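Worth saying up front: this structure is predicted, and the values here are computed from it rather than measured.
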Amino acid sequence: MQSREQIRSQIIDYNNRIATELLERIRGAEPVFFEHLVADLLTKMGYQGQDGSTIVTPPSNDGGIDGIINQDPLGTSTVYLQAKRYQASNIVQRPAIDTFFGALSRVHADRGVFITTSSFSKSAKETAKGFSIVLIDGVQLSDLMLRYHVGVQIRYHDELLKIDEDYFE
């Protein structure tokens, strides 16, 4: 019989393979699909709030903003999204962050989330930090998708039980 640690290790290995496959599938998807995926993910993460709304902007003439999440019914707390579906070798550079910051400035936004299927250069990370832009790279994206069950289904669920000693006292 396998130990809990061995079973857990096998599950982690399996889910890591799923995360890798998920990221490759996303990289091959249409950009509009990716924008909707990003909006779905942040909504599942709770950013929409109880009575808020999530909007994916039109594919063209979006002003550099791919999605808008109003966290409350009045839209007084808003998160703006930028989604870049890139291959792993296409690293997001500082100019992309500058462009997104410009788009945020045009709508007087105080927060933004930039999500990519690739990664960010060091200068992009430093710039984003200065602009209060949250960065999510491909690895983080696939991890969040697994955690919040976006694009995946639970294949198997089981419970490992033990005697509740307190109950019998």
Side-chain angles (χ1 to χ4, degrees), residues 9-49 52-71 77-155:
S9 177
Q10 289 175 338
I11 291 171
I12 289 170
D13 289 345
Y14 177 82
N15 286 343
N16 285 340
R17 288 193 304 274
I18 293 297
T20 300
E21 183 181 332
L22 189 61
L23 191 53
E24 287 306 314
R25 187 172 287 201
I26 296 166
R27 286 179 179 143
E30 293 296 319
V32 172
F33 174 83
F34 182 56
E35 291 172 4
H36 283 273
L37 182 151
V38 164
D40 289 345
L41 175 62
L42 269 70
T43 298
K44 281 259 184 128
M45 291 173 68
Y47 281 91
Q48 180 175 302
S53 62
T54 301
I55 301 162
V56 176
T57 59
S60 58
N61 299 320
D62 63 10
I65 294 172
D66 296 324
I68 302 167
I69 299 176
N70 290 314
Q71 296 180 297
S77 182
T78 305
V79 177
Y80 294 87
L81 309 175
Q82 177 62 260
K84 293 293 184 193
R85 183 197 49 86
Y86 288 159
Q87 295 303 314
S89 61
N90 191 0
I91 298 169
V92 176
Q93 301 294 326
R94 179 183 176 165
I97 304 301
D98 290 335
T99 300
F100 184 46
F101 180 71
L104 294 173
S105 296
R106 281 190 294 282
V107 295
H108 308 288
D110 63 350
R111 67 189 87 186
V113 179
F114 194 120
I115 301 178
T116 185
T117 53
S118 63
S119 59
F120 297 95
S121 70
K122 183 179 178 184
S123 64
K125 291 176 186 176
E126 291 169 357
T127 301
K129 200 178 296 182
F131 291 157
S132 298
I133 295 172
V134 174
L135 302 179
I136 298 174
D137 66 20
V139 172
Q140 292 168 305
L141 172 64
S142 61
D143 286 347
L144 289 170
M145 289 178 69
L146 292 179
R147 184 181 313 157
Y148 291 95
H149 302 140
V150 174
V152 296
Q153 296 175 341
I154 297 173
R155 180 174 178 189

- prompt: Which heavy atom in Thr54 sits nearest to a heavy atom in Ala39, and how many Å separate them?
  reply: CG2-CB, 3.6 Å
query: Going by the side-chain hydrogen bond (donor to acceptor under 3.5 Å, both in side chains) test, which pairs reach into residues 136-155, not counting sequence neighbours?
result: Tyr14-Arg155
- prompt: Do Val56 and Val32 come within less than 4.5 Å of each other through their side chains, counting heavy atoms only?
  reply: no
Beyond-backbone contact of Ile115 with Leu42, side-chain heavy atoms, under 4.5 angstrom: yes
statement: Here the salt bridge (Lys or Arg N to Asp or Glu O under 4.0 Å) pairs for residues 95-121, sequence neighbours left out, are Arg94-Asp98
- request: Give, for atom OG1 of Thr43 and atom NE2 of His36, the distance between the pair rounded to the nearest 0.5 Å.
  value: 11.5 Å
- prompt: Considering only heavy atoms from C-beta outward, does the side chain of Leu37 approach that of Met145 to under 4.5 Å?
  reply: yes
query: Any side-chain heavy atom of Ile136 sitting closer than 4.5 Å to one from Val38?
result: no
message: Donor-acceptor check, side chain of Asp66 to backbone of Ala83, threshold 3.5 angstrom: yes or no?
response: yes
message: Please report the interatomic distance CD1(Ile18) to CG(Leu23), rounded to the nearest 0.5 Å.
response: 13.0 Å
Atom of Gly64, atom of Phe100 and distance for their closest heavy-atom approach: O-CD1, 3.7 Å
- request: Report the distance from atom OG1 of Thr116 to atom CG of Leu141, rounding to the nearest 0.5 Å.
  value: 8.5 Å
- prompt: Between atom CD1 of Ile91 and atom OG of Ser118, what is the distance when rounded to the nearest 0.5 Å?
  reply: 7.0 Å
message: To the closest 0.5 Å, what do you measure between OG1 (Thr127) and CG (Leu135)?
response: 9.5 Å
statement: Gly151 and Leu22 have their tightest heavy-atom pair at O-CD1, 3.9 Å
message: Tell me every residue that passes ring-ring contact (aromatic ring centres under 6.0 Å, His included) with Tyr47, counting only those two or more places apart in sequence or in another chain.
response: none
message: Applying ring-ring contact (aromatic ring centres under 6.0 Å, His included), can you list everything that pairs with Phe120, at least two apart in sequence or on another chain?
response: Phe114
message: Minimum heavy-atom separation for Gln48 and Ser53, please, with both atom names.
response: CG-N, 3.6 Å
- request: Look up atom OH in Tyr80 and atom CG in Leu104, then write down how far apart they are to the nearest 0.5 Å.
  value: 8.5 Å
message: I want to check something: taking the side chain as every heavy atom from C-beta on, are Ile133 and Gln82 in contact at a cut-off of under 4.5 Å?
response: no
statement: Hits for side chain to side chain donor-acceptor pair (under 3.5 Å) against Gln71, two or more places apart or cross-chain, chain-then-number order -> Ser77
message: Taking salt bridge (Lys or Arg N to Asp or Glu O under 4.0 Å) as the cut-off, I'd like each qualifying pair that reaches into residues 14-29, sequence neighbours left out, listed once.
response: Glu21-Arg25, Glu24-Arg27
